[in-house]
**Q** 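Dropping the structure in here first, questions after.
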Amino acid sequence: MISMVNYEQVIQLALERGFYFPSCGIYPDAPAGFWEYGPSGVSLKNKFIELWRRELVRRDRMWEIDGSQIMSQSVFLASGHLSSFADPVVKCQKCGSIFRADKMIAEVCSVVIPESAELEAFDRTIAEKNIRCPKCKGALDGAKKFNMMFRVGIGPQDEPAYLRPETCQSIFVDFPRLYKTMRGRLPIGVAQIGKSFRNEISPRQSLLRLREFYQAEIEVFCNPGRLDEIDGFSEVEGTVLNIMADDTIRPMTCREAYERRTVPNKLVAYYLGLLAEFYKKTGIDTSRSRFRKLGEKEKAFYASVAFDFEVETATGWLELVACNYRSDYDLTSHGKVSKEKFEVLDDNAKVLPHVFELSMGIDRSLYTILEHSLREDKENERVVLSLKPYLAPVHVGVLSLVKKDGLAEKTEEIFSRMRTRYDAFLDHSGAIGRRYRRLDEVGAPFAVTIDHQTLQDGTVTVRSRDSMAQERVSTADLDSYISRSVAFP
RNA sequence: GCGGAGUUAGUCUAGCCCGGCAUGACGUCAGCUUCCCAAGCUGAAGGCCGCGGGUUCAAUUCCCGCACUCCGCACCA
């Protein structure tokens with residue numbers, strides 16, 4: 001009857017209905033890992049971002065900024081990306097093949113050299129063991145670092161700079177100014193939505209692994225001595241988190257998670273709670289989600305505690321948000337390199353804030369919303385995108401039952417009253433059932449149909465997407481009906 | 001990056017072995033008809049058959065290279 005969908009069906013819908021599609025598609029040299037959002041995708045994305053603003057930024061009274069995508073070399077010297085965000089590679093002088101140095105050496109002669117070792121270590125082993133190109137036996141060049149950041153040259157001097165590999169660096173860099181000018185008090189969240197860039201070796205699966213992608217990041221600056229003093233904690237203490245630690249998933253409330261020390265402090269428990277409540281409202285099936293506590297080896301080098309928020313999709317468990325307690329790693333290193341002071345006054349004492357981060361992948365979240373919302377309704381021979389009404393690219397379709405007898409004109413009159421307030425879609429042509437099905441596929445929760453009775457008594461039918469049920473509504477009440485139905489929660 | 005499979009209209013697809021004007025369906029658009037759930041009829045638009053090279057009188061078809069997509073592996077701040 002109603003069946004779940006797979007990855008292919010989501011891609012198909014995305015391509016056919018203008019959600020997203022490959023970038024530069026008409027040219028043969030289109031690079032992998034770049035996708036664009038079409039009209040339906042942009043509309044969904046904008047609404048998703050609005051929900052994020054409501055549920056996280058405004059709810060927690062965070063500051064939102066919008067930083068540069070290109071940042072100076074010094075930023076990444078301080079952040080560690082210049083040295084650490086890179087893989088060691090060697091190139092064959094003869095056939096030009098490129099290999100991961102550590103992997104190739106381990107494979108050929110079983111000598112294990114850590115990825116982060118000095119480049120000389122790879123060169124030395126290659127020379128000692130006389131390692132040649134595994135493909136053509138040619139001589140190998142010296143090892144180099146392949147940095148995953150995109151380098152750009154600025155001005156005629158080609159000054160080195162980089163496309164940011166994560167949005168949060170501008171938040172750290174801007175923190176001292178923000179704190180002074182915005183009258184800050186700890187704890188304070190600073191949020192940012194924007195693009196980040198990573199030169200992935202092998203981008204895959206459309207929106208799931210991109211070279212240019214959207215992040216919504218929140219950095220919460222806090223006093224490490226007062227992590228259990230969180231005003232809003234009572235608001236989320238009953239919120240259930242599916243926490244996965246030691247390979248088992250256990251649902252527990254934020255309060256339980258904190259009291260059992262599964263989550264280290266109230267501040268982290270509070271933000272995981274906010275995040276869980278946000279995702280519930282996106283329409284993602286959160287019964288198939290988990291906060292996976294990362295083990296020592298999996299964590300990023302700056303994280304002392306880390307949870308990945310993951311959701312089960314047709315492609316397996318997918319990481320949507322990385323939640324890292326970054327301690328004072330970032331502010332300390334930016335302080336050292338820039339000589340800027342990052343200490344602030346809290347509770348009459350000077351303190352270097354710690355940072356807890358929620359780093360959200362927007363593209364992956366949108367994919368998951370589509371996958372979890374898409375249904376094949378075999379009984380009614382239709383494909384339905386059951387998006388939350390407030391996220392739907394089209395709020396309401398406005399249809400004339402037939403074009404003649406003045407119905408088209410009446411329909412346009414009703415449409416023009418709605419079009420600046422809602423994402424409304426006007427359609428006169430074709431069989432009415434076909435037009436309903438088309439709207440079902442872009443997730444429009446309602447369709448308003450103007451028929452002969454409309455001309456007599458001023459009522460229209462409102463057909464709802466999920467139930468296909470219809471009711472008559474007076475045109476005088478239409479605005480409040482739709483506005484109530486598509487309002488954010 | 002490695003191994004495998006693919007790439008023909010918006011989408012899916014036939015043709016490829018065996019070289020000779022590019023198939024069909026769905027969708028889209030217009031008209032007629034019906035008037036509340038993908039009905040029917042008529043018509044139309046839409047393709048350098050992924051890109052580049054080679055063989056050939058002639059390449060969607062055979063050969064080589066590349067790009068991209070998908071699946072596994074690896075990678076994944």
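Residue numbering restarts at 1 for every chain, and letters A, B, ... go by the order of the sequence lines.
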**Q** Return one dot-bracket line describing RNA chain B 5' to 3' (Watson-Crick or G-U wobble pairs, both distances under 3.5 Å; ( ) same strand, [ ] crossing, | another strand, . none).
**A** (((((((..(((.......[...))).(((((.......))))).....(((((..]....))))))))))))....
**Q** Write down the distance separating the P atoms in B:rU28 and B:rA38, rounded off to the nearest Å.
**A**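 Approximately 13 Å lies between the P atom of B:rU28 and that of B:rA38.
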**Q** Identify, between A:I450 and A:R211, the residue whose nearest nucleotide on RNA chain B lies closer to the 5' end.
**A**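 Of the two residues, A:I450 wins.
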**Q** Hey, is A:D440 close enough to A:R435 for a salt bridge, meaning N to O under 4.0 Å?
**A**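 Salt bridge flag = no for A:R435 with A:D440.
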**Q** Heavy-atom distance under 4.5 Å between the side chains of A:L399 and A:I432, does that happen here?
**A**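 The answer is yes, as the side chains (C-beta and beyond) meet within the 4.5 Å cut-off.
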**Q** State whether A:R438 and A:D427 are salt-bridged, where the test is any N-O pair (Lys NZ or Arg NE/NH1/NH2 against Asp/Glu carboxylate O) under 4.0 Å.
**A**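 Judged by the 4.0 Å cut-off on N to carboxylate O distance, A:R438 and A:D427 do form a salt bridge.
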**Q** Ion pair present between A:R437 and A:E441, side-chain N to carboxylate O less than 4.0 angstrom?
**A**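 No salt bridge links A:R437 with A:E441.
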**Q** Residues from residues 452-467 of chain A sitting under 4.0 Å of RNA chain B, heavy atoms only?
**A**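 Residues of residues 452-467 of chain A that come under 4.0 Å of RNA chain B are, in numerical order, A:T461, A:R463.
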**Q** For A:E441, answer base if it contacts any base atom (sugar-phosphate contacts may also be present), sugar-phosphate if it contacts only those atoms, and nothing otherwise; contact means non-hydrogen atoms under 4.0 Å.
**A**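 The answer is base, as A:E441 lies within the cut-off (heavy atoms under 4.0 Å) of a base atom.
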**Q** Could you pull out the protein-nucleic contacts involving nucleotides 7-14 of chain B (nitrogen or oxygen on both sides, under 3.5 Å)?
**A**
| residue | atom | partner | partner atom | Å |
| --- | --- | --- | --- | --- |
| B:rU11 | O4' | A:E16 | OE2 | 3.4 |
| B:rU11 | O2' | A:Q12 | NE2 | 2.8 |
| B:rU11 | O2' | A:E16 | OE2 | 3.0 |

**Q** Under 6.0 Å between ring centres: does that hold for A:F278 and A:F48?
**A**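 A:F278 vs A:F48: aromatic centres under 6.0 Å.
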**Q** When you get a sec, tell me which of B:rC68, B:rC37, B:rA77 is the closest nucleotide to the side chain of A:A32?
**A**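 Of the options given, the side chain of A:A32 lies nearest B:rC68.
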**Q** Classify A:D451 by what it touches in the nucleic acid, base, sugar-phosphate, or nothing, heavy-atom distance under 4.0 Å.
**A**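 Counting heavy atoms under 4.0 Å across all strands, the contact made by A:D451 includes a base.
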**Q** Where each residue is assigned the nucleotide of RNA chain B containing its nearest heavy atom, which of A:F34 and A:M148 is assigned the position nearer the 5′ end?
**A**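 It is A:F34 whose nearest nucleotide is closer to the 5' end.
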**Q** Please give the distance between the C1' atoms of B:rA22 and B:rU8 as a whole number of Å.
**A**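 Straight-line distance between the two C1' atoms is 9 Å.
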**Q** How far does the C1' atom of B:rG15 sit from the matching atom of B:rA25, given to the nearest Å?
**A**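 Between the two C1' atoms, the distance is 16 Å.
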**Q** When you compare the protein's N or O atoms with those of nucleotides 71-74 of chain B, which come within less than 3.5 Å of each other, and at what distance?
**A**
| residue | atom | partner | partner atom | Å |
| --- | --- | --- | --- | --- |
| B:rC71 | OP1 | A:Q205 | NE2 | 3.3 |
| B:rC71 | N4 | A:R204 | NH2 | 3.4 |
| B:rG72 | O6 | A:R204 | NH2 | 3.0 |
| B:rC73 | N4 | A:R204 | NH1 | 3.4 |

**Q** Please give me the minimum heavy-atom distance between A:V75 and A:H334, naming the atom from each residue.
**A**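 Here A:V75 and A:H334 meet closest at O-CE1, 3.6 Å.
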**Q** Taking the six-membered ring for Trp, is the centroid-to-centroid distance between A:F19 and A:Y37 below 6.0 Å?
**A**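 Distance test on ring centres: not under 6.0 Å, no.
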**Q** Counting the atoms with a prime plus P, OP1 and OP2 as sugar-phosphate, which does A:S359 contact under 4.0 Å by heavy atoms, base, sugar-phosphate, or nothing?
**A**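 Touches nothing.
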**Q** Rounding to the closest angstrom, what is the interatomic distance between B:rC49 and B:rU11 at atom P?
**A**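 Each nucleotide's P atom is 15 Å from the other's.
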**Q** Rounding to an integer number of angstrom, what distance separates B:rU33 and B:rG52 when you compare their P atoms?
**A**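 Going atom to atom, P in each nucleotide, I get 49 Å.
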**Q** Using side chain to side chain contact (heavy atoms under 4.5 Å, CB included) as the criterion, point out the one residue from A:V220, A:V305, A:V355 that pairs with A:R326.
**A**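 Single pass found, and it is A:V355.
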**Q** Should A:R382 and A:D377 count as an ion pair when the cut-off is N to O under 4.0 Å?
**A**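 So A:R382 pairs with A:D377 through a salt bridge.
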**Q** Looking only at atom P, what distance separates B:rC62 and B:rG20, rounded to whole Å?
**A**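 To the nearest whole Å, 11 Å.
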**Q** Run the ring-centre check on A:F221 versus A:H354 and record whether the distance is less than 6.0 Å.
**A**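 So the answer is no for these two rings.
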**Q** Answer yes when A:D405 and A:K410 have at least one side-chain N-carboxylate O distance shorter than 4.0 Å, and no when they do not.
**A**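 Salt bridge absent between A:D405 and A:K410.
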**Q** Considering only atom C1', compute the distance from B:rU56 to B:rG19 and round it to an integer number of Å.
**A**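 Their C1' atoms lie roughly 9 Å apart.
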**Q** Could you go step by step and tell me if A:L407 and A:L455 meet the side-chain contact (heavy atoms from CB on, under 4.5 Å) rule?
**A** CA-CA 8 Å; A:L407 290 187; A:L455 301 178; 3.7 Å; yes
**Q** For A:Q12 and A:E16, what are the C-alpha separation, side-chain angles and deciding distance, and is it a side-chain hydrogen bond (donor to acceptor under 3.5 Å, both in side chains)?
**A** CA-CA 6 Å; A:Q12 174 119 349; A:E16 282 183 5; 3.0 Å; yes
**Q** Mind checking whether A:S79 and A:D330 have side chains closer than 4.5 Å, heavy atoms only?
**A**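 They are not in side-chain contact.
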**Q** On the ring face of A:F213, is A:K195 found with NZ or CZ under 6.0 Å from the centre and within 45° of the axis?
**A**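 Output no; distance or angle outside limits.
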**Q** Report, as a single string ordered 5' to 3', how protein heavy atoms within less than 4.0 Å touch nucleotides 25-34 of chain B: B base, S sugar-phosphate only, - not at all.
**A** --SS--S--S
**Q** Tell me every residue that passes side-chain hydrogen bond (donor to acceptor under 3.5 Å, both in side chains) with A:H395, counting only those two or more places apart in sequence or in another chain.
**A**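 For A:H395 there are no side-chain hydrogen bond (donor to acceptor under 3.5 Å, both in side chains) partners, ignoring immediate neighbours.
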